[in-house]
Protein chains: 2
Amino acid sequence: MARWEPDARLRLVRAAIDLYAEQGYEVTTVAQVAERAGLTKATFFRHFPDKREVLFAGQEHHSTLLAEGAAAAPDGATPLEAVTAALDHATAAFTPEQRAWGPRLRAVVASSAELQERAAFKRAHLAAALADALRRRGVPDPTAAVAAELGVEAFHRAFDRWGDTTDDRSYGDLARSELHDLHAAATALR
Amino acid sequence: MARWEPDARLRLVRAAIDLYAEQGYEVTTVAQVAERAGLTKATFFRHFPDKREVLFAGQEHHSTLLAEGAAAAPDGATPLEAVTAALDHATAAFTPEQRAWGPRLRAVVASSAELQERAAFKRAHLAAALADALRRRGVPDPTAAVAAELGVEAFHRAFDRWGDTTDDRSYGDLARSELHDLHAAATALR
DNA sequence: CTCGTTGATGAGACCAAGTCTCGTCACCGT
DNA sequence: ACGGTGACGAGACTTGGTCTCATCAACGAG
């Protein structure tokens with residue numbers, strides 16, 4: 001038998017989502033989250049840098065996936081095709097487990113300005129990573145920024161719709177569809 | 001003679017920018033900022049909700065200006081023309097005083113992840129306010145979001161170039177120019 | 001002129017986030 | 001058998017942020 005129960009990190013994430021949803025993010029203390037996970041405050045901060053990050057850990061992975069996908073697109077691909085490749089590659093992050101947690105996470109984040117702030121920061125990182133990957137492909141500056149912005153917007157819109165159980169399409173299909181709509185709106189803009 | 005020196009709020013802003021720039025944002029305590037302004041920590045928090053906001057106060061005004069400008073555009077205006085009107089209207093916020101503080105502010109914000117987080121949040125608010133104003137004009141959803149995103153990107157790019165003293169064009173001219181470039185990139189996107 | 005009100009501030013207690021140091025002890029390789 | 005490793009607990013400590021209460025110049029009513 002192990003000295004400590006395994007998956008301390010996962011237990012912390014679950015405890016945090018549960019408590020934040022039950023009684024609210026602001027009134028929940030880190031000590032409470034740690035206690036529900038069978039740990040202490042000090043250990044919480046060994047796994048996460050702050051009280052917010054426990055909800056967003058794993059999203060650095062999204063940046064990596066988007067950048068990898070864009071970089072791996074064939075040489076002749078247009079910027080938009082590279083963004084599509086990035087979204088396809090990011091599909092790897094969207095497991096059924098994520099789908100189950102999505103709505104609860106969205107609700108909790110929506111309830112707190114502090115959490116929305118972190119979400120905005122993560123989104124900015126996503127856009128920066130994707131724009132960087134496009135620039136490394138030789139896409140010139142204003143185009144790379146616009147394409148990355150559309151890609152990240154599609155990424156988030158698709159995630160929102162993916163969480164609605166009424167829509168049974170795969171995340172990849174939803175992302176392609178959102179990107180197509182955004183691109184159409186952009187080219188038609190006057 | 002007044003009981004208190006006037007402009008407590010402004011003194012706090014100046015003290016904060018100075019100290020954050022001199023010795024770094026993270027190692028500066030709110031008590032130090034208040035002391036340099038001739039006040040106490042409690043009074044700091046009467047003027048600003050937290051340690052970060054002292055650098056961003058006044059930016060809610062930007063959302064208001066953008067929304068007002070977009071709402072005031074003539075009835076027949078296209079979405080892009082409404083965004084242009086919004087940027088023109090926001091010109092009111094860019095005084096010579098702002099121009100002098102801009103580069104220092106940018107440097108301080110760039111030095112701290114916590115401050116970049118707040119900046120990303122403010123940007124998201126700007127985009128949401130502009131998109132809302134466009135939707136109220138009857139612009140349908142994906143188009144409003146894309147136009148707002150381009151507008152906010154132009155807003156920030158113009159502010160960056162406006163801070164470079166090498167470029168003597170007015171903020172309004174710079175913003176129109178940036179928006180034009182971004183729009184061109186968007187319509188040419190493949 | 002006097003007096004009560006107003007409102008910005010100071011003083012300081014208080015809580016929680018986040019940091020840091022030190023001690024513990026199962027596990028693992030030698 | 002034994003020393004090293006690493007995840008964890010305990011608890012002190014700093015600082016961001018909140019709250020309550022006291023202070024006192026300005027101001028207006030009488």
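Throughout, a chain's letter reflects where its sequence line sits, starting with A, and its residues are numbered from 1.
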At a cut-off of 3.5 Å, list every protein nitrogen or oxygen paired with a nitrogen or oxygen from nucleotides 17-21 of chain D, distance to 0.1 Å.
{"unit_1": "D:dG17", "atom_1": "OP1", "unit_2": "B:Arg52", "atom_2": "NH2", "d": "2.9"}
{"unit_1": "D:dG17", "atom_1": "OP2", "unit_2": "B:Lys51", "atom_2": "N", "d": "2.6"}
{"unit_1": "D:dG17", "atom_1": "N7", "unit_2": "B:Lys41", "atom_2": "NZ", "d": "3.1"}
{"unit_1": "D:dG17", "atom_1": "O6", "unit_2": "B:Lys41", "atom_2": "NZ", "d": "2.6"}

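A salt bridge is defined here as a Lys NZ or Arg NE, NH1 or NH2 lying under 4.0 Å from an Asp or Glu carboxylate O, and A:Lys51 with A:Glu26 fails to meet this definition.
With ring centers used as reference points, A:His62 lies 6.0 Å or more from A:Phe159. Proximity of the aromatic rings of A:Phe44 and A:Phe48 is defined here by a centroid distance below 6.0 angstrom, and this criterion is met.
Annotation: side-chain hydrogen bond (donor to acceptor under 3.5 Å, both in side chains) contacts involving residues 176-190 of chain B, sequence neighbours excluded, comprise B:Asp88-B:Arg176, B:Arg161-B:Glu178.
OP1 or OP2 of C:dT9 lies within a sub-4.0 Å distance of a side-chain N or O belonging to B:His47. Note on A:Thr43: every side-chain N or O is 4.0 Å or more away from OP1 and OP2 of D:dC8. In this model, the phosphate group of C:dA16 is not approached by any side-chain N or O of A:Thr29 to a distance below 4.0 Å at OP1 or OP2.
Residues A:Arg169 and A:Trp162 form no side-chain contact, since every pair of their non-hydrogen atoms from C-beta on lies 4.5 Å or further apart. Residues A:Arg14 and A:Val33 fail the side-chain proximity criterion, which asks for heavy atoms closer than 4.5 Å.
Across residues 31-39 of chain A, A:Gly38, A:Leu39 each have a non-hydrogen atom less than 4.0 Å from an atom of DNA chain D (numbered order). DNA chain D lies under 4.0 Å from no heavy atom of any residue of residues 13-24 of chain B.
With sequence neighbours left out, the side-chain hydrogen bond (donor to acceptor under 3.5 Å, both in side chains) criterion links B:Glu53 to B:Arg118, B:Lys122. Legend: residues meeting salt bridge (Lys or Arg N to Asp or Glu O under 4.0 Å) with A:Glu97, ordered by chain and number and at least two apart, are absent.
Summarising the geometry, the separation between CD on A:Glu26 and P on C:dC15 is reported as 19 Å, rounded to the nearest angstrom.
Shortest non-hydrogen contact noted between A:Leu134 and A:Ala82 is CD2-CB, 3.8 Å.
Judged by distance alone, with hydrogens and angles left aside, the side-chain atoms of B:Gln59 form no donor-acceptor pair with the main-chain N or O of B:Phe56 at under 3.5 Å.
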